[in-house]
Amino acid sequence: MSTYDELECLKTNPFEGDFGSPGDRTLKDKIVTARKGGTCGMCRQEIQPGERVRLLAAVFDGTLMSYRWCSACCAAMAASWTDNGDAWTARARLGRESSNDQGKRTP
């Protein structure tokens, strides 16, 4: 698990540059302690119970959406203010590679 400045993480818009609709709105955006495991929405790595993660719930294009980011991705978001987004780009690459690997697996 990574340690990071939670306020710096929350200042980062993970969807910066994406186009939105007039009715889009954020319902919840906070750092929480994960009660259960799951998969990070960015890097596709496992989230462990007890890990500090970012939780975002929003309405996009009229659809309720929810996202969770692991502590390593949260640390990358927080670092993006000083590293020109390098850590965030690396975490995104990890997620793309993970998704590509899953597509290559045979049943």
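Worth saying up front: this structure is predicted, and the values here are computed from it rather than measured.
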Exercise. How far does CG of Asp24 sit from CZ of Phe15, to the nearest 0.5 angstrom?
Worked result: 10.5 Å
Problem set entry | Any pair counted as ring-ring contact (aromatic ring centres under 6.0 Å, His included), so long as it reaches residues 29-54, sequence neighbours left out | none
Seminar exercise, completed: Grouping ILVMFWY residues whenever side-chain heavy atoms fall under 4.5 Å, the cluster of Val32 otherwise contains Ile47, Val53, Leu55
Problem set entry | Main-chain N/O of Gln48 paired with Glu51 side-chain donor or acceptor, under 3.5 Å | yes
For this session: With sequence neighbours excluded, tell me which residues meet side-chain contact (heavy atoms from CB on, under 4.5 Å) with Ala90.
Result: Arg93
Exercise. Excluding sequence neighbours, so at least two apart, what forms side-chain contact (heavy atoms from CB on, under 4.5 Å) with Thr39?
Worked result: Arg44, Glu46
Exercise. Nearest heavy-atom pair of Trp69 and Cys40: which atoms, and what distance?
Worked result: CA-SG, 3.6 Å
Problem set entry | Separation of Arg91 CZ from Cys43 SG (nearest 0.5 Å) | 4.0 Å
Problem set entry | Selection residues 26-38 - residue pairs positive for side chain to side chain donor-acceptor pair (under 3.5 Å), sequence neighbours left out | Asp29-Arg54, Thr33-Arg52
For residues 77-85, dump all side-chain donor-acceptor pairs below 3.5 Å to protein atoms at least two apart in sequence or in another chain.
residue, atom, partner, partner atom, Å
Ser80, OG, Met77, O, 2.6
Trp81, NE1, Glu8, O, 3.1
Trp81, NE1, Thr12, OG1, 3.1
Thr82, OG1, Ala79, O, 3.2
Asp83, OD1, Gly85, N, 2.8
Asp83, OD1, Asp86, N, 3.3
Asp83, OD2, Ala87, N, 2.9

For this session: Would you give the length of the straight line joining atom OH of Tyr4 to atom SG of Cys74, rounded to the nearest 0.5 angstrom?
Result: 3.5 Å
Seminar exercise, completed: Contacts satisfying ring-ring contact (aromatic ring centres under 6.0 Å, His included) that involve residues 25-49 (not counting sequence neighbours) are none
Residues 60-68 side chain polar contacts: donor-acceptor under 3.5 Å, at least two apart:
residue, atom, partner, partner atom, Å
Asp61, OD1, Ser21, OG, 2.3
Arg68, NH2, Gly37, O, 3.1

